[in-house]
There are 2 protein chains.
Amino acid sequence: MIPQNRRITIKHVAKEAGVSTQTVSRVINVRPDVSPETRQRVLDIINQLGYQPSELARSLIQRRSYTLGVVTAGLKYIGPSRTLNGITTKAEESGYALLLKELPSFTSNEIQPLLQFLLARHIDGILWAVPEIGNNHDWVKQGLTGIPVPVVYLTMQPHPDVSVAAIDNYLGGVIAVQHLLEQGRHCIGHISGPLDWWEARQRKQGWQDTLKKAGFPVSDASCVEGNWSSSSGEVAFQQLLQSYPDMDAIFVANDQMALSVLRVAHRLGIHVPRDLPVVGFDNLSESAFFWPALTTINQNQLELGGRAVQELVAQIEVFQRNEQVAPQNVLLSPDLIVRESSVVQK
Amino acid sequence: MIPQNRRITIKHVAKEAGVSTQTVSRVINVRPDVSPETRQRVLDIINQLGYQPSELARSLIQRRSYTLGVVTAGLKYIGPSRTLNGITTKAEESGYALLLKELPSFTSNEIQPLLQFLLARHIDGILWAVPEIGNNHDWVKQGLTGIPVPVVYLTMQPHPDVSVAAIDNYLGGVIAVQHLLEQGRHCIGHISGPLDWWEARQRKQGWQDTLKKAGFPVSDASCVEGNWSSSSGEVAFQQLLQSYPDMDAIFVANDQMALSVLRVAHRLGIHVPRDLPVVGFDNLSESAFFWPALTTINQNQLELGGRAVQELVAQIEVFQRNEQVAPQNVLLSPDLIVRESSVVQK
DNA sequence: CTGAAAGCGCTAACAC
DNA sequence: GTGTTAGCGCTTTCAG
């Protein structure tokens, strides 16, 4: 039997230093009203004992845990992980702890137990880092009143009543098509992501609007829906070649599917970029080494996560002062990375 | 001014139901010693009020938080994220919450403040999901006594005194080389990962030992060190072509670097697999769509994370009963995925 | 400057 | 079956 590992408490320190627990508390919290000698003596004892105040007890009485609830999904994909990376980094910087929950699927709709779970642990705010897909955010419209802490949503349609941080996917689509137009192409096809995803719809809309605005036709035949995976990209591309034989360039909604386009094009003797410039989306670290190197739209998910934390922490500050919090929308611009797949060498 | 959002407590429920808090507590904890009528009445009130017991207060008094501290690093890379995915899934299943900390870098050595942080929040155990690199695990050998909760380490050299869960990278190297030997190749080169990484050393050792055992020579000229990145793979491969002109097959320590090998080989007119079969490591979701599709070693990081949680939870059970915990090592076998890059079509 | 008392929200240990 | 008392480890009053 090992002796029960009891925690060193403020009492032990107080007793050892011959002061009240109150005084120790004052020292811990760096309050001015302690005499220098007392302070030093207490600090010495603290070091000597290796005392560490319990954040749990503190959270309980202060009604504030300095902890953020983070709800994510799809960590096995690189996008959500990059965002989480940004969240952890900024949270560390802001002095907040992170309670992590991953939904079993992107479209999970079992929100209530999750919220209860987080609230039971007295989190100060929630970061809802699950992309908007199908109706998986419907509860937002209703359930808003139910959550007694600030919430910031990532990657959903900006909304006047809630705080949202997102990448401007629409702009990404615009930039991609503009680039292809600049290459002198007019028949620009599109392989979209699954259209129940908000991000996929935005990218497609950017593609469509930009082509229309430039005076070039867009039809059902010029776009095929994929599901983000490389294998779906392969299928979609072959379909597109059939339905849109005039196509002279292509914008693919993510790099994984674009990889398949490159592969199939090569197999069929379609030269990229000469016969078919290709632009992807995401800027995977591998994309620069595809063959040919892939032109793509880069989205800074690291910054997205950071900005979301920043916004949430700001809201928490306001909320804790019992003031009204004003929803804030943060929209980050993606940028174009030009590589071999889209520009014909002179 | 919004009214202070005070929590509904056990007291409110007790008062409303006309019983003591103790009885409410009994109902919450599904104790048998409550009359059916009382239980029902209390449950009704709980539902009506939307009462949610505070896990914080519970943790405090029970000296048990059902929370695991997870320390990770490099979430922007897919490996650590996949592992985390496994961790979240199994933790959910086991009823544990997760407090997440990401180190600023893989080789961060600032352990003490981190441990304090976690212990201050009364975590029941720690999952150290940071790969062993350079001397970033040196503190394990010393600091063991300092940690008053069970710890399970992921991806480090198994050690008799601590619990480790890891993929058998050595075996991965062995399998890869065996496969190439079966293709009738004998001069098998290697591009390793950075050799301060334990995983990289293991893969290299597997390569080396298997070749030697088969009676084929291994020299300094047949291995070049990369740094996992695609660009380092490019450099390493060109170096290897110089230093090992007889090379007739290659085992690359990860898929990202292998991608560069495929690319450079193509540029130089080296046909893969005819002239040079290639085997990678990691099984990225893109690898199946490289050109040619990449043969690779698959490591199940999802399962790794899950097994680590399982082991940690088991240790916590023992520890909480004040019994001695016996360190346990879990070693998972990777497996070979054969694709076009290593097998010459008949 | 310092301490005593009360309480955050809950449960263990004992009464009855 | 149910209530009372005490206390987890800390901070907020309010005295002095």
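Remember, it's a predicted structure, so these values are computed and weren't measured experimentally. Below, chain A is the first sequence line, B the second, and so on; all start at residue 1.
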_Heavy atoms within less than 4.0 Å of DNA chain C: which residues of residues 19-32 of chain A have one? Give them sorted by number._
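Within residues 19-32 of chain A, the residues near DNA chain C are A/Val19, A/Ser20, A/Gln22, A/Thr23, A/Arg26.
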*Positive for side chain to side chain contact (heavy atoms under 4.5 Å, CB included) with A/Val70, one of A/Leu99, A/Leu84, A/Leu312*: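 The passing option is A/Leu84.
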*Apply the side chain to side chain contact (heavy atoms under 4.5 Å, CB included) test between B/Val309 and each candidate in B/Ile87, B/Thr88, B/Val152, B/Thr89; give the one that qualifies.*
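Exactly one pass, corresponding to B/Ile87.
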*Say whether, by atom type as modelled, one donor and one acceptor occur between the side chain of A/Arg41 and the main chain of A/Ala17 under 3.5 angstrom.*
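Yes, A/Arg41 side chain to A/Ala17 backbone: donor-acceptor pair under 3.5 Å.
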*Counting only N and O atoms by type, is there a donor-acceptor contact under 3.5 Å from the side chain of A/His122 to the main-chain atoms of B/Ala57?*
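Flag not set: sc A/His122 to bb B/Ala57 has no pair under 3.5 Å.
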Specify the separation, in whole Å, of atom [atom1] of [X] and atom [atom2] of [N].
X	N	atom1	atom2	value
A/Leu56	C/dT11	CG	P	14 Å
B/Lys11	C/dA6	NZ	C1'	10 Å
B/Ile61	C/dT11	CD1	P	8 Å
A/Arg121	C/dG9	CZ	P	17 Å
A/Gln62	C/dG7	CD	C1'	14 Å
B/Tyr66	C/dC10	OH	P	17 Å
B/Arg58	C/dC10	CZ	C1'	8 Å

*Determine: side-chain N/O of B/Arg63 to OP1/OP2 of C/dA12, distance under 4.0 Å, yes or no.*
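So the side chain of B/Arg63 is outside the cut-off, no N or O lying under 4.0 Å from OP1 or OP2 of C/dA12.
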*So what is the end-to-end bend of the helix from C/dC1-D/dG16 to C/dC16-D/dG1, with 5 pairs used at each end and the value given to 10 degrees?*
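Rounded to the nearest 10 degrees, the bend comes out at 40°.
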*Begin from the C-alpha positions of A/Glu102 and A/Thr72 and carry the test side chain to side chain contact (heavy atoms under 4.5 Å, CB included) through to its verdict.*
CA-CA 5 Å; A/Glu102 181 177 8; A/Thr72 182; 4.1 Å; yes
*Closest heavy-atom contact between B/Asn329 and B/Ser163?*
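Heavy-atom minimum between the residues: OD1-C, 4.0 Å.
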*For A/Val140 and A/Tyr153, work out which heavy atoms get closest and say how close.*
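Answer, listing the atom of A/Val140 first, then A/Tyr153: CG2-CE2, 3.6 Å.
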*Test salt bridge (charged side-chain N to carboxylate O under 4.0 Å, His left out) applied to A/Arg58 - qualifying residues, sequence neighbours left out*: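 So A/Arg58 forms a salt bridge (charged side-chain N to carboxylate O under 4.0 Å, His left out) with A/Glu55.
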*Under 6.0 Å from the CZ atom of B/Phe117, do we count more than 12 heavy atoms belonging to anything else shown?*
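Yes, enclosed.
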_Within the supplied structure, the quantity of interest is the number of heavy atoms (other residues, nucleotides, ligands) at a distance under 6.0 Å from A/Lys76 NZ; does it exceed 12?_
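At most 12 heavy atoms, drawn from other residues, nucleotides or ligands, come within 6.0 Å of this atom.
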*Atom CD1 in B/Ile316, atom CD in B/Glu311: separation rounded to 0.5 Å?*
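Result: 10.5 Å between the selected atoms.
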*asked:* How long is the straight-line distance from CD1 of A/Ile45 back to NZ of A/Lys15, given to the nearest 0.5 Å?
replied: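 A/Lys15 NZ to A/Ile45 CD1: 12.5 Å, rounded to 0.5 Å.
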*Would you grab the first and last nucleotide of DNA chain D (5' to 3') that comes under 4.0 Å of any non-hydrogen atom in chain A?*
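Span of nucleotides near chain A: D/dC8 to D/dT12.
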_For residues 32-69 of chain B, which residue pairs pass the ring-ring contact (aromatic ring centres under 6.0 Å, His included) check, not counting sequence neighbours?_
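Only B/Tyr66-B/Tyr96 qualify under ring-ring contact (aromatic ring centres under 6.0 Å, His included).
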*Output the residues of residues 35-49 of chain B in contact with DNA chain D, where contact means a heavy atom of the residue under 4.0 Å from an atom of the strand; sort by number or write none.*
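B/Ser35, B/Thr38 - these, ordered by number, are the residues of the stretch whose heavy atoms sit under 4.0 Å from the strand.
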